[in-house]
Amino acid sequence: MSSQICILLTIIVYLIGMLYVGFHFSRRNKTTDDFYLGGRKLGPFVVAMSAEASDMSSWLLMGVPGLAYLSGVCDAGWTVIGLALGTYLNWLFVARKIRLYTHATHSITLPSFFSNRYGDNKNILAGIAAVIIIIFFIPYTASGFAACGKLFNSIFGVDYTVAMILCAIVIILYCAMGGFMAASTTDLIQSIVMSIALISIVFYGVHAAGGLDNVMENAKSLPGYLSLSQTYSVETGTAQAYGLLTTFSMLAWGLGYFGMPHILLRFMAIEDENKLKLSRRIATIWVVIAMAIAIFIGIIGNAISKAGILDVLNGSDSETIIVRIAGLISQHGVLAAILAGIILAGILAATMSTSDSQLLTAASGVSENIFHDILHVELDEKKNLLVARATLIVIAIIGVFLARDPNSSVFQIVSFAWAGFGAAFGPVVLLALFWKRSNMYGALCGMVAGGAMIFIWKYGIATLGGVFAIYELLPAFLVALVVNVVVSLVTPAPSKEVIDTFDAVKKM
């Protein structure tokens, strides 16, 4: 049996397993609360692992190793440190608070929480938040579909469009059938598959490079490659200084966590908020280890290329390093080919675990917050579920349409969308949970200012270069925070009912 057939069969078995999970949970969805939040019945382990799997996406298995392969530890390292800090602080300060607050205000989506938190009876906040979710999540979902298509196209030579549509169909089916519980359970499975992929690549890669000593000697021979204050330049073969501003820009990735709807939904869905401490420990440990291994894989890959076992990879080709190493593994017999299939399924899992969460979040924004809250269309639970599933399918179809170009940039879209949510929602979430004086007007202006500043900075100010050429999330987050505070202070204080709810949640 050829290695490609073994790999393909392994991936097919994996995809069938995901569909089975969707079918299994389809019978448990009786209400929209079940469909979007799993009835708030998630256990601590599932919450932890599904939150991090939906967060990492294919960036973990492609973007991080590729960046480390080319330029060494510095660029990838500071980004990873920022993400690790953001993960921990989000679990520490936000998780329990938002679980309690959304339960107290009967909120099943992030936009509905914004309106309910501030007594916004007209649901203006929910409507604006839903629009922001659609703006940033539909292209984000499309990038996931595109990554799936590129994976199959690069491995098997399958037509990109056909592969992309088939992967999208699988994601659509298990999400539409099983809703949040299916997405969370498959995310748990996918985090395990991703872990197997990372560990397997490390052990084989070190062996292929001639041992750990060879890997480290190669890294030490490249100027700035192992430094956190310098980065290695492929073009010149020299070390380049890594400025303090650039360091803070990379650390700013961690700010994005406070505004990620698909991660915050996991906090809202846990069955027992007192078990979030366990979830925090599991999630933080997994994230730190997984991202550190991803960087190390890039270092290993560079050593393998220098040893002549793999071609030297340039530019975006460096992001295929795990795919290339999996190809080497598959040449060692049937069992090795199956392992390679699991590794490649890990990349697919990383993409799918993010796409499914984005689909559900975008669908909830349309069906629950626009269709129900803004247009005031009242339906029974059965019809509500039908609308939720139909919305999810329509959004996915739009995502497929946007992903039809095989040359579309996956990771630039991910970076931009991450910044968008972090700036638009992050300050609103933090002030809503921790500042009593925050009001609806501040939240609304801050949300709009954060989302708008992402576009203004990236496509306007950043083009000036120099100190302005930083990751747009940092300045946009700060602008949104200041606007929220200032507008809240110069407009009327929240109503007594809103303040009473805040105080009641604070005492829990």
### Message
Suppose we call two aromatic rings close when their centres sit under 6.0 Å apart. Are Trp435 and Phe502 close by that rule?
### Response
no
### Query
Do Phe258 and Phe425 make the cut of ring centroids closer than 6.0 angstrom?
no
### Summary
Minimal heavy-atom distance between Ser279 and Trp91, with the atoms involved, is CB-CZ3, 3.3 Å
### Query
Which heavy atom of Leu251 sits nearest a heavy atom of Trp78, and at what distance?
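Reported closest heavy-atom pair: CD2-O, 3.6 Å.
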### Message
For Trp457 and Phe468, take the angle between the two ring planes, folded into 0 to 90°, and tell me which bin it lands in: parallel under 30, tilted 30 to 60, perpendicular over 60.
### Response
tilted
### Query
Do the ring planes of Phe455 and Phe416 sit parallel (below 30°), tilted (30 to 60°) or perpendicular (above 60°)?
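The arrangement is perpendicular - the two ring planes meet at more than 60°.
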#### Entry: Residue list, side chain to side chain donor-acceptor pair (under 3.5 Å) with Thr231, at least two apart or on another chain
none
### Query
For Ser71, which residues count as a side chain to side chain donor-acceptor pair (under 3.5 Å) partner, sequence neighbours excluded?
none
### Query
Considering residues, nucleotides and ligands other than Phe401, do more than 12 of their heavy atoms fall under 6.0 Å from its CZ?
no
### Query
Roughly how far, to the nearest 0.5 Å, is CG of Leu198 from CZ of Phe296?
12.5 Å
### Message
So Leu264 and Thr102, do their side chains get closer than 4.5 Å, heavy atoms only?
### Response
no
### Donor-acceptor contact present, side-chain Ser249 to main-chain Leu245, <3.5 Å
no
